[in-house]
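Starting from 1, each residue takes its place in the sequence as its number.
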Amino acid sequence: MKKCLILTGAGISADSGLQTFRDAGGLWEGYKVSEVCTPEALARNPRQVIGFYNQRRRQANAAVPNAAHKALVGLEKYYRVQIITQNVDDLHERAGSSKVLHLHGELNKLRSTDDETEIIPFTGDQTDAIRSKTGAPMRPHIVFFGEEVPAFPEAAEAMRDADTVVVIGTSMQVYPAASLIHYAPPHASRYLVDPNPQGVGADVEVIPKRAAEGVPKLVEYLISQAEK
């Protein structure tokens, strides 16, 4: 069975109603990244940062998987599917995908500010009362701008033996995620589903549609190829 690696970005979640940072003119709900998504912001104003992610968590957990998320699940009967997502929601998992790696963390988890290996599942609103085993404050389990991406080496390794690479709903402008496709082997087929593709190489087949429309059609094609 051939390996199909899926790299998803904010565009796939946007079709479930979740706002993307880039679509909002550089603002999330009126906030700049520097105010809510950096280590400095957390140190300076933890209540604001935690409140922002409480709001993100509520919105994400109220959203439902769309046709793109659901279509990707169907690929698992025909390919070894690995999803690498830049998104922090759990829409892939709720749709039924079995192998999902989150590059930028997960909204439904918190981690200790004292011990980064202490990570707990969490789906409600974070308050000051939620503390680590040592009594340290907890923080959203999110990779902030300026922080390293711990899952990147695993993602790069997963890309190395892909037969097919599908990029969905991402501008490929945020590093290091944007460099992942360079780890794919030369023989791998490459597809991009995005309504506004930018800077795409000649070896990438572009499907200029929103995720919920373009992904189901591409999945149908990939399944037909696997059945040959």
If two hydrophobic side chains count as joined below 4.5 Å and joins carry through other members, does Leu180 share a cluster with Ile6?
no
Does any N or O in the side chain of Glu147 come within less than 3.5 Å of the main-chain N or O of Phe144, such that one atom is a donor and the other an acceptor?
yes
Is any side-chain heavy atom of Leu18 less than 4.5 Å from a side-chain heavy atom of Leu91?
yes
Spacing of CG belonging to Asn196 relative to CZ belonging to Arg210, to within rounding of 0.5 Å
9.5 Å
Between Gln86, His92, His141, Glu93, which is the residue that forms a side chain to side chain donor-acceptor pair (under 3.5 Å) with His102?
Glu93
Side chains of Asp163 and His187: any donor to acceptor distance under 3.5 Å?
yes
Passing option when Ile84 is tested against Val165, Leu5, Val100, Val167 for side-chain contact (heavy atoms from CB on, under 4.5 Å)
Leu5
Would you give the length of the straight line joining atom CD of Glu106 to atom CD1 of Ile119, rounded to the nearest 0.5 angstrom?
8.5 Å
I'd like to know whether CD of Gln225 has more than 12 heavy-atom contacts from other residues, nucleotides or ligands below 6.0 angstrom.
yes
Kindly compute the distance separating CG (Asp89) from OG (Ser16), expressed to the nearest 0.5 Å.
7.5 Å
Checking Asn66 side chain against Ile12 main chain: does a donor-acceptor pair fall under 3.5 Å?
yes
Checking Asn54 side chain against Asp125 main chain: does a donor-acceptor pair fall under 3.5 Å?
no
What is the distance from atom SG of Cys37 to atom CZ of Phe52, rounded to the nearest 0.5 Å?
7.0 Å
Between Arg139 and Pro39 (side chain of the first, backbone of the second, donor and acceptor by atom type, cut-off under 3.5 Å), is there such a pair?
no
If you measure from CD on Glu118 to CG on Leu110, what distance do you get to the nearest 0.5 Å?
10.0 Å
Under 3.5 Å side-chain donor-acceptor pair for Ser13 and Asn87
yes
Do Arg56 and Gln59 meet the criterion of a side-chain donor-acceptor pair at a distance under 3.5 Å?
yes
Check this for me: does any side-chain nitrogen of one of Lys217 and Glu220 sit under 4.0 Å from a carboxylate oxygen of the other?
no
Distance from Arg57 atom CZ to Thr123 atom OG1, nearest 0.5 Å?
8.0 Å
Whether the Thr8 and Thr85 side chains hold a donor-acceptor pair (N or O, under 3.5 Å, no angle test) is what I'd like checked.
yes
Would you confirm whether Glu35, through its side chain, and Lys32, through its main-chain N or O, come within 3.5 Å as a donor-acceptor pair?
yes
Would a distance-only check, ignoring hydrogens and angles, find a side-chain to backbone donor-acceptor pair under 3.5 Å from Gln82 to Ala158?
no
For Glu148, I'd like to know if atom CD has over 12 heavy atoms of other residues, nucleotides or ligands within 6.0 Å.
no
Using only atom types and a distance under 3.5 Å, with no angle test, would you say the side chain of Asp114 pairs donor to acceptor with the backbone of Ala136?
no
